[in-house]
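Okay, structure first, notes after.
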Amino acid sequence: MQNYIYKQLLLAIKKLNYPLVEFHLEKPRLPTHGDVSCTVVLTLAKMLSKPPREIASAIVNNLLLDNSIIKSVEIAGAGFLNFRFADSAIIEESKNILKLNNNFGKSDLKKNKKVNLEWVSANPTGPLHSGHGRQVCLGGVIANLLEWIGYDVTREYYFNNAGNQMKLLADSIFARYNEVCGLKINFPENGYQGLYIQTIAEEIKNKFGSELSRQSLDGNGKPLFQTFGEEWCFENIKKTLHKLNIHHDLFYNEDSLYSSGKIDDVISQLRQKDLIYEEEGALWFRTTKFGFDKDRVVVKSTGEPTYRLPDIAYHREKFVRGFDLLVDIFGADHIATIPDVLAGIEALGFDKNKVKVIIHQMVSFVDGEEVVKMSKRNAKVYTLDELINDVGIDAVYYFFIMRSANTHLEFDILLAKKQSEENPLYYVQYAHARIASILRFAEDEKIKISPNELLQFSKLNLIEAKEEIDLLKVLLEFPLMIESSAEMCEPHRLPTYLHQVAEAFHRFYHNHRVISENKNLTIARVALCLMTKIVLSNSFKILNVSAPERM
RNA sequence: GUGCCCGUAGCUCAAUUGGAUAGAGCAACAGCCUUCUAAGCUGUAGGUUGCGCGUUCGAUUCGCGCCGGGCACACCA
């Protein structure tokens with residue numbers, strides 16, 4: 001219907017020989033302003049310096065509209081064109097929901113396009129903590145959204161298991177190991193304090209006995225404490241991710257960038273472009289050429305690269321692997337590293353506009369009134385596993401996704417735990433459970449409830465009440481909503497939308513009986529219920545939230 | 001000190017990317033269950049969008065300057 005209006009507007013503008021400006025249709029905030037609104041007149045008025053209302057009426061007079069699709073056009077306010085859909089068109093289009101069922105909302109907008117989504121990427125030095133949850137969930141939902149608009153999505157995890165941090169992990173475990181074995185040893189300065197270190201130490205003692213030294217090797221000839229610690233941490237991280245239904249396609253090891261010579265490649269390419277120079281024994285990247293206040297070190301005087309170099313090499317590698325879009329998700333604490341990487345790939349001749357970086361702000365946890373302390377120094381870290389145990393997977397997803405990534409988030413654990421009307425998650429899930437219950441009731445009354453049969457037998461033109469039509473309108477917004485939230489990588493629009501769906505449904509339910517003496521009307525309304533259920537459960541699937549049949 | 005993000009109803013947050021009278025939930029108040037799930041519905045109240053300039057037909061949104069909060073500012077990752 002939107003496309004139809006757009007096309008007709010374009011025809012009218014052409015016919016009047018007005019300049020072909022870019023314009024789009026939007027949904028007005030107020031229902032009294034119609035179903036779709038357009039501001040093209042205001043843009044034209046400026047260019048032609050004519051009164052907007054004059055242009056508006058010229059366009060309306062030249063607009064050829066099929067009145068079985070569009071009920072009315074109005075000129076309003078400063079020159080808005082407000083369109084109203086005909087009920088018959090809404091009903092006709094709603095049949096798509098039944099037809100497409102689980103696929104309603106999917107599009108092939110980005111068919112044959114490849115996207116790489118990299119997120120989580122925590123190094124294997126400990127379990128994921130609750131703050132990681134925001135990124136974990138954001139990525140999980142964004143990946144689904146991208147798939148829904150047709151992208152071929154590679155879910156990727158970038159990690160580093162070399163360097164000082166891993167030695168420190170091994171040292172920390174070794175210290176606890178000695179402690180467990182009854183020996184005393186000084187705990188390394190800045191060592192990992194978490195209780196999990198002791199758990200790992202105990203497992204090592206149980207498996208290998210208490211005679212190990214720091215240099216001991218495992219069965220494959222690798223340093224035992226480091227390898228065991230790394231694997232333990234990685235298993236722990238993956239287990240948590242799997243609980244949240246997240247499965248990465250690829251774990252990309254930073255180390256492979258060195259062994260394959262890709263790091264050296266980047267340096268020599270940058271050197272060729274005269275973007276690298278040596279000073280005080282270090283290699284510097286001329287970031288000042290890209291608008292930075294000073295140049296940055298990429299190889300330290302010790303010969304070791306800084307984090308920038310592998311990050312740049314990694315992104316170059318992703319370009320080489322042939323993606324149309326690269327999406328990175330970072331917490332606000334990593335914001336400083338992003339410009340360096342973008343400058344790097346630009347320097348190497350790649351289009352930095354193909355990289356979309358999503359930055360989410362920090363999360364604070366509140367348990368009712370009390371602020372949950374999240375100190376890294378403290379041994380008591382609130383892990384993501386604990387959060388999942390406390391509030392459940394559905395609430396973890398819903399609460400992290402509910403708010404735009406760009407704002408500081410307050411996660412109320414007490415509220416997330418509550419099984420009451422205060423909790424926004426239950427409002428939308430309840431709508432689904434309610435529909436499921438109605439459909440069970442309908443089935444008992446020998447009414448068919450399969451999408452195909454409803455498509456075939458229901459007389460949808462019996463749907464005419466305001467609450468029914470309003471509900472259909474909301475349901476039909478679903479595909480566009482998916483499209484925009486996927487393209488903008490803004491999953492928080494989904495919960496906002498879901499609330500509208502649930503609200504429209506509850507209002508309909510409250511005002512009209514679904515199953516009544518009137519057989520044909522009953523079947524039409526059962527179809528309406530099923531349509532709502534389809535939209536709800538498709539949304540839940542994207543959000544990784546369950547669609548309860550009973551509550 | 002420098003850079004990035006945020007500031008919207010008592011609280012937590014939206015606002016279709018510059019649109020019309022700034023909207024939801026919770027909390028507060030007043031109503032609605034012998035019939036398909038009351039975890040629901042209806043209504044009332046709640047605002048100088050931190051403050052001040054500017055840009056224009058039009059600003060919560062863009063620019064500049066303050067105020068307040070968060071996060072970064074290494075030859076750490």
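Residue A:His408 is classed as a base contact, given a heavy-atom separation below 4.0 Å to a base. A:Leu415 comes within 4.0 angstrom of nothing in the nucleic acid, heavy atoms only. Using a 4.0 Å heavy-atom distance criterion, A:His499 is classed as a sugar-phosphate-only contact. Within the 4.0 angstrom heavy-atom criterion, only backbone atoms of the sugar-phosphate kind lie near A:Asn160; the bases stay farther away. The residue A:Ala76 sits close to a base: some heavy atom pair falls under 4.0 Å. Residue A:Met402 is classed as having no contact, given no heavy-atom separation below 4.0 Å to the nucleic acid.
Among the candidates A:Tyr18, A:Tyr6, A:Phe80, the single residue satisfying the ring pair (Phe, Tyr, Trp, His ring centres under 6.0 Å) test with A:Phe23 is A:Tyr6. Tested against A:Tyr157, the residues A:Phe234, A:Trp119, A:Tyr314 include a single ring pair (Phe, Tyr, Trp, His ring centres under 6.0 Å) partner, A:Phe234.
B:C51 has its base anti relative to the sugar, with a glycosidic angle deviating from 0 by more than 90°.
When each of B:C41, B:U37, B:U21 is scored by its nearest atom to the side-chain atoms of A:His510, the top-ranked nucleotide is B:C41. Each of B:U17, B:U35, B:A39 was ranked by its minimum atom distance to the side chain of A:Arg513; first place goes to B:U35. Here B:A27 is the nucleotide among B:A27, B:C13, B:A77 with the atom lying nearest to any side-chain atom of A:Glu421. Listed candidates were B:A20, B:U42, B:U37. Nearest to the side chain of A:His33 is B:A20.
Both A:Gly281 and A:Ala336 sit near RNA chain B, but only A:Ala336 has its closest nucleotide nearer the 5' end.
Computed from coordinates, the A:Asp340 CG to B:A77 C1' distance equals 13 Å when rounded to whole Å. Atom-to-atom, CZ of A:Arg403 to P of B:U8 comes out at 13 Å; the value is rounded to the nearest Å. As a whole-Å value, the separation of A:Arg434 CZ from B:A38 C1' is 7 Å. If you measure from atom CD of A:Glu410 to atom C1' of B:G70, you get 13 Å, rounded to the nearest angstrom.
At a cut-off of 3.5 angstrom, the base of B:A77 holds no donor-acceptor pair with the side chain of A:Asp333.
Note on A:Glu477 versus A:Lys473: no salt bridge recorded, every NZ/NE/NH1/NH2 to OD/OE distance being 4.0 Å or above.
Between B:U55 and B:U60, the two P atoms lie 16 Å apart (nearest whole Å).
Pair assignment for B:U55 gives none, since no Watson-Crick or G-U wobble pairing has each distance under 3.5 Å.
Heavy atoms from other residues, nucleotides or ligands lying under 6.0 Å from CE of A:Met47 number 12 at most.
Applying the 5.5 angstrom centroid cut-off and the 30 degree plane-angle cut-off, the aromatic ring of A:Phe80 is stacked upon the base of B:A20.
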